[in-house]
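Here the structure is a predicted model, which is why all the values come from computation and not from measurement. A, B, ... follow the sequence lines: proteins, then strands. Residue 1 opens every chain.
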Amino acid sequence: MPRVRKRPAGAARPDKEGPAGKRTNTEKPGEASAKVGNSSLQETSASRDRGKNLSSCWLMKSEPESRLEKGVDVKFSIEDLRAQPKQTACWDGVRNYQARNFLRAMKLQEEAFFYHSNCREPGIAGLMKIVKEAYPDHTQFEKNNPHYDPSSKEDNPKWSMVDVQFVRMMKRFIPLAELKTHHQAHRATGGPLKNMALFTRQRLSVQPLTRGKNGSRLLITCHSDREFTCTSW
DNA sequence: GCCAACGTTGGC
DNA sequence: GCCAACGTTGGC
């Protein structure tokens, strides 16, 4: 039930502050900005990449426009993240098991695309990175929080969250329509976005993207120079 | 364990 | 605001 807006696929939504408010910040961001090599968006499983010792890349959805859920505004845009102290916030509210498991698989410094959903212009707005690995989502225990889960016990929390830090905006906003166009073309050609979870697992709010391998044609690449380019279309 | 009812997600 | 997709619930 909850939606998380920082939503999970059933997931989570961050709340803004809210009563339960949340979004606290945490930890210090690292220093390095990381680099992440190139990450292509695709579908492969994170665990597979991890087995290869490659860091994963993720896509996380949040709603950038105001919407009340149980009286609480669940709006949380990338600009809201950037405005947080240390540009860091916890990604709470995910209440879908699959999305939660992806949160638990995230490692420090891995990058995630910040996706704006349920809004006038859905698409990828920017990049953030994981600055604290999974820990219990406190909002599950807060009765006034839209994502309160009375079935979860303090000594055995069901839901997890991570802390994320703003990295940068996309050099150019990548609209859902554009991603969809490529996804459809790739379904026919076997291209890299043919199984992109954004389209194949429609309601999943936290999803893995496949990291490109050297020499492969990447769909979307995050370069260490912080540029964002589309190289294969 | 099946599956219909129901609730949520999220594009349009 | 509509509604298709799809996850969850709960009776049986």
Protein-nucleotide distance ([X], atom [atom1]; [N], atom [atom2]), rounded to Å:
X        : N      : atom1 : atom2 : result
A/Ile124 : B/dG10 : CD1   : C1'   : 16 Å
A/Glu69  : B/dT8  : CD    : P     : 8 Å
A/Glu121 : B/dC12 : CD    : P     : 12 Å
A/Trp159 : C/dG7  : CH2   : P     : 13 Å
A/Glu178 : B/dG11 : CD    : P     : 15 Å
A/Lys158 : C/dG7  : NZ    : C1'   : 14 Å
A/Asn118 : C/dA4  : CG    : C1'   : 14 Å
A/Leu198 : C/dA5  : CG    : P     : 16 Å

[X] vs [N]: side-chain N/O to OP1/OP2 distance below 4.0 Å:
X        : N      : value
A/Arg95  : C/dT8  : no
A/Lys61  : B/dG10 : yes
A/Lys180 : B/dG10 : no
A/Tyr115 : B/dT9  : no

Aromatic ring centroids of A/Trp159 and A/Tyr97 under 6.0 Å? yes
Minimum-distance nucleotide (side-chain atoms of [X] versus [options]):
X        : options               : value
A/Ser117 : B/dC12, C/dG7, B/dG10 : B/dG10
A/Asn96  : C/dT8, B/dG11, C/dA5  : C/dT8
A/Gln202 : B/dG10, C/dA5, C/dT8  : C/dA5

Just so I know, are the side chains of A/His147 and A/Glu69 near enough to count as touching, which here means a heavy-atom distance under 4.5 Å?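 The answer is yes; the side chains approach within 4.5 Å.
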Determine whether a donor-acceptor pair (N or O, by modelled atom type, separation under 3.5 Å) exists between the side chain of A/Gln87 and the backbone of A/Gln84.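 Side chain of A/Gln87 to backbone of A/Gln84: no pair is present.
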Can you see whether A/Gln98 engages A/Arg201 through a side-chain donor-acceptor pair at a distance of less than 3.5 angstrom?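 Note: A/Gln98 and A/Arg201 side chains meet the donor-acceptor criterion.
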Any luck finding a side-chain donor-acceptor pair between A/Arg100 and A/Ser160 under 3.5 Å? no
